[in-house]
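Everything below concerns the one structure shown next.
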Amino acid sequence: MKTTCKRLAAACVAVLAALSLPACGERKTAELELFAMDTYMSFTAYGNRAEEALAEAGRTINELEQRLSRTREGSEIWTLNAQGCADISPDTAELIGQALAYAAQTGGAFDITVAPLVELWGITTDTPRVPAKAEIDALLPLVGSKHLTLTRSDPALTVFDTAVLDPGCAVDLGGIAKGYAADRVADILEKYGVSDAVASLGGNVYVRGTRPDGTPWRVAIQDPLQNGCAAMLTLSDTFVVTSGGYQRFFADPDGTIYQHILDPATGYPVQSDLLSVTVVCPDGARADAYSTALYVMGEAKAASFWQSCQAEVEPFEMVLITADHRIVCTSGLADNFTEQEDASYAYEILAH
Ligand code: ADP
Ligand code: MG
């Protein structure tokens, strides 16, 4: 299983490749590859301070993982889950705050308190199993944002520094941490004045500025049914995040596929009419949370959620690949979207 391979690779070496600095015209090129947050990440940046920026990006991602991992003993999230209360750093507080907001916006389709069920199924572990319905039903009351509170240890503090969980509840940031890490990478690139870069954190991509030839970045949307890409997006200065059931799953001996995104309302892996959801928006954590949520919602609810967000201050765009072989692209991306000629999908534009 893919997860197993990734874990083995992680055990061998955390940082696979160090920085390299080939010359590219007059500008320096810096590249970094690493394995963190259970996925491969790669970064390319151009400019005088690109090397420093990527070095800091790598350090920051490793630090974030040490705080945010549910499974790493002693992490802030591990401590929160083990003790029901934990001191948390400003990053963790900000991320939990965002996660709670996205849970509210998506009607709980995205919900980090789904952790007890993630643990029960163990879908991305080496020992996944199909639980009995009674086991699932017993955990469902533990899921919901109302069970998680951010507080201040001192009322004089301006930021939250403590998280509290109701008994038996737990938090899993797997659906948003990579997007949050991508946001921090964008901040670091800005800090070092790096105007052109591309970062790929698993299914979370950030494109900044342009390619070396001055044209926008091209982000491929993977074909969920076969190797290769189903469509191409041409973009600058935005985050592109894809969620789907086709990469992390386990197959029961009876042949049933259980993928890793759970419906917090039922406690079961989502049986979606979507194969993948790609969200494009200027906020990495939001793109990550929404892509997971829209996959849970399915096509019809995802479309109405997109419509409802257009009327508000924070619109986003998306590409849905449906189980009945259509690719639905929202109108704001129509000019950025290229069909894959030999892909077996019908293409549709979703307008307001
Ligand atoms: P990936 O991590 O592969 O990029 P996602 O961003 O969609 O995919 O996150 C899926 C992960 O988030 C799961 O592996 C699990 O840890 C957690 N998760 C599963 N279902 C949900 C959900 N409905 N809401 C929030 N997190 C979830
Ligand atoms: Mg996500």
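These values consider heavy atoms only, across backbone and side chains, with no hydrogens, waters or symmetry-generated copies. Only a predicted model underlies this, so the values are computations on that prediction, with no experimental measurement involved. Counting convention: from 1, in listed order, for ligands and their atoms alike.
- With atom 7 (O) of ligand 1 as the reference point, the heavy atom nearest to it among Thr106, Val296, Thr292, Leu294 is part of Thr292.
- Looking at Ser291 against ligand 1, nothing comes within 4.0 Å, counting heavy atoms.
- For the residue pair Thr92 / Glu76, a side-chain donor-acceptor distance below 3.5 Å is found, with atom types taken as modelled.
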- Message: Between Tyr290 and Phe110, does the ring-ring contact (aromatic ring centres under 6.0 Å, His included) criterion hold? Intermediate values first, please.
- Response: CA-CA 7 Å; Tyr290 280 11; Phe110 175 83; 8.9 Å; no
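- The N, O or S atom of Asp288 with the smallest distance to the Mg ion (ligand 2) is OD1.
- Around CG of Asn227, the count of heavy atoms belonging to other residues, nucleotides or ligands within 6.0 Å does not exceed 12.
- Backbone or side-chain N, O or S atoms of Asn204 do not reach the Mg ion (ligand 2) at under 2.8 Å.
- Annotation: atom 24 (N) of ligand 1 to nearest protein heavy atom, Asp111 N, 3.0 Å.
- Polar contact with ligand 1: absent for Val114 (N/O pair, distance under 3.5 Å).
- In this structure, the protein non-hydrogen atom closest to atom 19 (C) of ligand 1 is His260 O, 3.5 Å.
- For ligand 1, the polar-atom distance check finds no N/O of Thr124 at less than 3.5 Å from any of the ligand's N/O atoms.
- Atom numbering of ligand 1 starts at 1 in the shown order; those under 4.0 Å from a heavy atom of Ala109 are 22 (C), 23 (N), 24 (N).
- Residue Gly203 does not count as close to the Mg ion (ligand 2), with no N, O or S atom under 2.8 Å.
- Defined by atom type and a distance below 3.5 Å, a donor-acceptor pair is missing between the side-chain atoms of Ser89 and Asp91.
- With a 6.0 Å radius and a threshold of 12 heavy atoms from other residues, nucleotides or ligands, Glu119 has its CD atom at or below the threshold.
- With atom 1 (P) of ligand 1 as the reference point, the heavy atom nearest to it among Glu119, Met297, Lys178, Met37 is part of Lys178.
- Taking atom 12 (O) of ligand 1 as the reference point, the nearest protein heavy-atom neighbour is Gly175 N, 3.1 Å.
- With a 6.0 Å radius and a threshold of 12 heavy atoms from other residues, nucleotides or ligands, Asp237 has its CG atom above the threshold.
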